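Report on the following structure.
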Amino acid sequence: MSIRRLTPDDAPAFRELRLRALREHPHAFTSDWEEASARPPEESRQRLASVGVPFWGAFDEGGVLTGMVGLECASGVKQRHKGRVVAMYVSREAAGRGTGRDLLRALMLHAAAIGLTDLVLTVTEGNASALRLYREAGFTAFGTEPRAIVVDGNPYAKVHMHFRVI
């Protein structure tokens, strides 16, 4: 497996994996599959071209994208010190091999290199594997938002987590 920053050329694979994540795990993301699938494919290319929201991808030995994570960098003067981890997903084929850990490591190294001092994220309450991954990476929970999202009429809470970049 290899980890690298995604480019606009990766847009078709990125879009496919993102839609798969939203379809298979609707309660894990704030984005919705129906809304995302209705957007033009060019939007994925534009997203990967964005300087303010870099993405990293995990590729298997055959070059297939099997995981991804993004970093939304805050732009406001008072928030430029932090970034938000977004769109983290590892396919079940790549799960259990350290893929999530390696994706987070790449993101965290980049965050440190560009001078970010803090990272935040949310994870759906009850997602034990994601919570374990983030805790092992050094994130700590600082609160839970009840009813943060509603999927098929069912509310889900989101755990807010923080990491101090060293």
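As the structure is a computational prediction, the values presented were derived from the model and not from experiment.
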- Message: If hydrophobic clusters are built by linking Ile, Leu, Val, Met, Phe, Trp and Tyr wherever their side-chain heavy atoms come under 4.5 Å apart, do Leu71 and Ile3 end up in the same one?
- Response: yes
- Closest non-hydrogen atoms of Leu103 and Met68, given as atom of the first, atom of the second and distance, are CD1-N, 3.5 Å
- Message: Looking at every heavy atom in both Trp56 and Leu6, which two are closest together, and how far apart are they?
- Response: C-CG, 3.8 Å
- Hey, are the side chains of Ser129 and Arg132 touching, using non-hydrogen atoms and a 4.5 Å cut-off? yes
- Task: May I ask whether Leu119 and Met161 are part of the same hydrophobic cluster, defined by side-chain heavy atoms of I, L, V, M, F, W, Y residues being less than 4.5 angstrom apart, directly or through others?
- Result: yes
- Closest non-hydrogen atom pair between Leu22 and Ala36, with its separation: CD1-CB, 3.5 Å
- Considering residues, nucleotides and ligands other than Arg45, do more than 12 of their heavy atoms fall under 6.0 Å from its CZ? yes
- Side-chain donor or acceptor of Thr66 paired with backbone N/O of Ser91 under 3.5 Å: no
- Query: Looking at NE2 of His25 and CZ of Arg92, how far apart are the two atoms once the value is rounded to the nearest 0.5 Å?
  - Reply: 6.5 Å
- Task: Of all the heavy-atom pairs spanning Ala95 and Val90, show the shortest one and how long it is.
- Result: N-CG1, 3.9 Å
- Tell me whether Leu48 is reachable from Leu107 by hopping between hydrophobic residues (I, L, V, M, F, W, Y) whose side-chain heavy atoms are closer than 4.5 Å. no
- Item | Co-membership, hydrophobic cluster, residues Val120 and Val86, 4.5 Å side-chain | no
- Message: For Tyr134 and Phe139, take the angle between the two ring planes, folded into 0 to 90°, and tell me which bin it lands in: parallel under 30, tilted 30 to 60, perpendicular over 60.
- Response: perpendicular
- Closest heavy-atom pair, Ala130 versus Val123, reported as atoms and distance to 0.1 Å, is CB-CG2, 3.5 Å
- Message: Please determine whether the number of non-hydrogen atoms from other residues, nucleotides or ligands lying under 6.0 Å from atom CD of Glu145 exceeds 12.
- Response: yes
- Nearest heavy-atom approach of Arg80 to Leu116 is O-CD2, 3.4 Å
- Short side-chain to backbone donor-acceptor contact, Arg147 and Pro155, under 3.5 Å: no
- Query: Please walk me through it: do Leu131 and Val159 pass side-chain contact (heavy atoms from CB on, under 4.5 Å)?
  - Reply: CA-CA 9 Å; Leu131 284 164; Val159 177; 4.3 Å; yes
- Classify the side-chain pair Lys158/Thr144 by whether it contains a donor and acceptor separated by less than 3.5 Å. no
- With a 4.0 Å cut-off, would you call Arg15 and Glu43 a salt bridge? no
- With under 30° as parallel and over 60° as perpendicular, where do the rings of Phe55 and Phe14 fit, or are they tilted in between? perpendicular
- Could you tell me whether the side chain of Arg18 reaches within less than 4.5 Å of the side chain of Tyr89, counting heavy atoms only? no
- Task: Before accepting this row, confirm whether a basic side-chain N of the pair Arg97/Glu61 lies closer than 4.0 Å to the acidic partner's carboxylate O.
- Result: no
- Heavy-atom distance under 4.5 Å between the side chains of Asp60 and Met1, does that happen here? no
- Got a second to check how far Arg47's CZ is from Arg39's CZ, nearest 0.5 Å? 8.0 Å
- Message: Between the side chains of Arg4 and Asp10, is the shortest nitrogen-to-carboxylate-oxygen separation below 4.0 Å, so that they form an ion pair?
- Response: yes
- Arg84 side chain to Ala74 backbone, donor-acceptor under 3.5 Å: no
- Task: First locate atom NE2 of His81, then atom SG of Cys73, and finally report the distance between them rounded to the nearest 0.5 Å.
- Result: 12.0 Å
- Evaluate the side-chain proximity of Leu104 to Leu133: yes if any heavy-atom separation is below 4.5 Å, no if none is. yes
- When rounded to the nearest 0.5 angstrom, what distance separates NE2 in His27 from CG in Asp152? 11.5 Å
- Cluster check Leu17, Val53: I/L/V/M/F/W/Y, side chain < 4.5 angstrom: yes
- Query: Going by heavy atoms in the side chains, are Val85 and Val69 under 4.5 Å from each other?
  - Reply: yes
- Item | Note, Val64 side chain near Phe59 side chain (heavy atom, < 4.5 Å) | no
- Please examine the side chains of Asp118 and Val165, heavy atoms only from C-beta on, and report whether any two atoms are closer than 4.5 Å. no
- Item | Set of side chain to side chain donor-acceptor pair (under 3.5 Å) partners for Arg135, sequence neighbours left out | none
